[in-house]
Amino acid sequence: MADGSNTIMYRFLFLWILGYVSFVNCEVGQRSRRFEYKQSFKGPHLVNKQGSIPFWKHFGSAIAGDEQVRITPSLKDQKGSVWAKTSNVNEFWEVEIFFKVTGRGRIGGDGLAIWYTEGSGELGPVFGSSDNWKGMGLFFDSYDNDGENNNPYVMVMLNDGTKSYDHFKDGSSQQLGGCMRDFRNRPNPVRAKIRYLNNVLTVFYHNGMSNKDDDYELCMRAENVELPKEGFFGISAATGGLADDHDVLKFLTYSYRQPVEEKKPAKEISEEERKKLEQQYDQYAQQLEKEKETYKSQHPEKFKEENAKYENAYDRDVRLIYEGQASIHSLIGTLHGKTGELTTQVNNLHNTVAKIQAGGSVGASSGGGISRQEFNSLLNSQNELKNIIYNIRKDIESMKEGGANSDRLDELHRNVRQVVENVGHLVTKNQMSGGAHQKKQECPKVNCLSTRTFISLIVIQMLAVIGYMFYKSHQDQAAKKFY
Ligand code: MAN
Ligand code: CA
Ligand code: CA
């Protein structure tokens with residue numbers, strides 16, 4: 001129990017350290033501004049083939065075209081709206097709207113509204129949308145209902161769902177802030193920028209007298225504004241006794257996000273703090289290791305059982321390498337012994353032939369024995385054989401020292417084949433000369449060993465060597481599969 005609770009405690013502390021570092025990063029980082037395509041629309045190709053705006057829905061008199069959405073035509077008593085299908089989930093944001101209010105009269109009506117509300121609005125009395133909303137409405141009020149000679153007017157009104165917009169007083173006592181601007185019949189689209197960042201709500205206005213992006217001016221600013229953390233963007237318009245075309249060309253939304261993906265670990269905290277945290281981490285890691293050891297010493301049977309049951313990958317590799325090396329070493333040792341025997345026998349053969357030569361029995365060629373030329377040839381072959389066997393020994397020695405590889409084995413194999421060929425040659429020669437020679441030239445009574453017997457022995461030894469070589473080569477390949 002104590003072990004378990006300690007482990008949990010260390011994990012908790014480790015997570016706490018990580019959490020602390022992340023928190024520091026978030027707090028000091030700059031927010032990133034990102035375009036939200038699902039909360040936006042703009043022409044050209046504002047509508048799809050079905051005539052609807054991707055990610056948006058429109059109501060009432062609203063008609064979507066390729067370049068713009070006409071929320072109301074310049075006809076009496078019209079209402080229309082367009083709402084984003086999905087809610088905005090980013091706490092802070094900015095929208096930029098491009099629109100045109102156009103009418104033939106010197107006075108027009110009634111106006112257009114931009115919304116950010118908790119729920120998606122329906123057709124209603126407030127510039128074409130629902131009253132008693134929860135959130136924010138920015139109104140472009142064309143008609144001076146209260147006769148204060150202060151329209152067209154731009155104003156912001158907040159609502160927590162309890163207020164009803166006073167249409168006939170132009171909501172004058174309900175506004176959070178605003179500015180008096182004539183937005184009707186401008187040569188270029190009029191623009192508004194609403195920024196909600198760190199609970200500050202700011203409205204910038206572009207009068208449409210130019211097409212320049214930086215011709216914005218401040219219309220209103222309010223601090224400590226609380227808007228829904230999640231909500232719907234919408235735009236609506238209405239006409240009454242007087243009517244204008246209300247056209248929206250662009251609705252662009254940007255989010256201000258926390259830079260959670262940007263990681264600058266330890267840069268934002270002081271060096272002293274970093275060292276302290278590192279030390280803490282090391283301490284906990286050491287403590288954890290100690291606890292593990294204690295647990296091991298208290299419950300050794302658990303670890304023994306586990307270790308006995310399984311062979312880990314490292315142990316298995318070492319075992320396979322050791323087995324492969326041992327097998328190669330043993331084969332080379334055997335081969336070395338066999339080659340030594342072979343060398344001795346060839347030396348014996350050589351001595352015997354030399355004795356025969358010394359006895360003069362091969363001095364004349366006319367006497368039925370083998371000629372000197374034949375004898376010299378036989379002797380040369382034997383010397384050659386001796387050299388090859390010597391080379392084989394050398395190869396084996398070097399294999400013992402430096403480990404076997406396939407090139408060396410191939411070379412050894414070639415040498416052995418050459419030995420066999422030479423031995424075959426010797427046998428042939430001996431047979432050719434042997435018949436006549438044996439009649440006249442008896443083998444000495446003492447230490448007599450016939451050439452045929454010797455050669456046969458050599459052939460047998462060679463076959464044994466070749467057999468070992470094939471066996472060894474096969475073993476070597478099998479061992480290679482492990483590495
Ligand atoms: C009429 C009514 C009002 C409207 C004005 C201007 O007076 O429809 O509601 O505001 O016309 O359109
Ligand atoms: Ca009005
Ligand atoms: Ca007014």
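Sequential numbering from 1 along the given sequence is applied to the chain's residues. Nothing here was measured: the structure is a model prediction, and the numbers come from that model. Start at 1 and go down the list; that is how both ligands and their atoms are numbered.
- Within 6.0 Å of NZ in K193 there are more than 12 heavy atoms belonging to other residues, nucleotides or ligands.
- Applying the 6.0 Å contact sphere to CD of E122 captures no more than 12 heavy atoms from other residues, nucleotides or ligands.
- Between N145 and ligand 1, a contact under 3.5 Å exists for at least one N or O pair.
- At least one N, O or S atom of N151, from either the backbone or the side chain, sits less than 3.0 Å from the Ca ion (ligand 3).
- Checked by atom type and distance alone, the side chain of S61 pairs as donor or acceptor with a backbone atom of K79 at under 3.5 Å.
- W56 pairs in a ring pair (Phe, Tyr, Trp, His ring centres under 6.0 Å) with only one of the listed residues (Y37, W83, F251), which is F251.
- The protein does not reach atom 7 (O) of ligand 1 closely, with no heavy atom under 4.0 angstrom from it.
- Here the heavy atom of the protein found nearest to atom 10 (O) of ligand 1 is D110 OD1, 2.4 Å.
- An N or O contact shorter than 3.5 Å links L242 to ligand 1 by distance.
- A cation-pi arrangement is present between R33 and Y254, with the terminal nitrogen or guanidinium carbon under 6.0 Å from the aromatic centre and inside a 45° cone about the axis.
- Closest approach between the Ca ion (ligand 3) and any N/O/S atom of D146 involves OD1.
- The Ca ion (ligand 2) lies at the vertex of an angle of 80° between the O atom of Y143 and the OD1 atom of D141 (rounded to 10°).
- Of all protein heavy atoms, the one lying nearest to atom 2 (C) of ligand 1 is G241 N, 3.9 Å.
- Atom CD of E217 sits in a crowded spot, with more than 12 heavy atoms from other residues, nucleotides or ligands closer than 6.0 Å.
- Counting the atoms of ligand 1 from 1 in the order shown, those under 4.0 Å from a heavy atom of G240 are 8 (O), 11 (O), 12 (O).
- Taking backbone and side-chain atoms together, S142 has no N/O/S atom less than 3.0 Å away from the Ca ion (ligand 2).
- Ring geometry for W133 versus F139: interplanar angle over 60°, hence perpendicular rather than tilted (30 to 60°).
- Its N, O or S atom nearest to the Ca ion (ligand 3) is what matters here, and for D144 that atom is OD1.
- Contact annotation: Y153 places no N, O or S atom under 3.0 Å from the Ca ion (ligand 2).
- Among the heteroatoms counted here (N, O or S) of D170, OD1 is the one nearest to the Ca ion (ligand 2).
- Ring-plane geometry between F140 and F183 is classed as perpendicular, the angle between the planes exceeding 60 degrees on a 0 to 90 degree scale with a lower cut at 30.
- For atom 9 (O) of ligand 1, the closest non-hydrogen atom of the protein is H167 NE2, 2.9 Å.
- Taking the six-membered ring for Trp and thresholds of 30 and 60 degrees, W93 and Y196 have ring planes inclined between 30 and 60 degrees apart.
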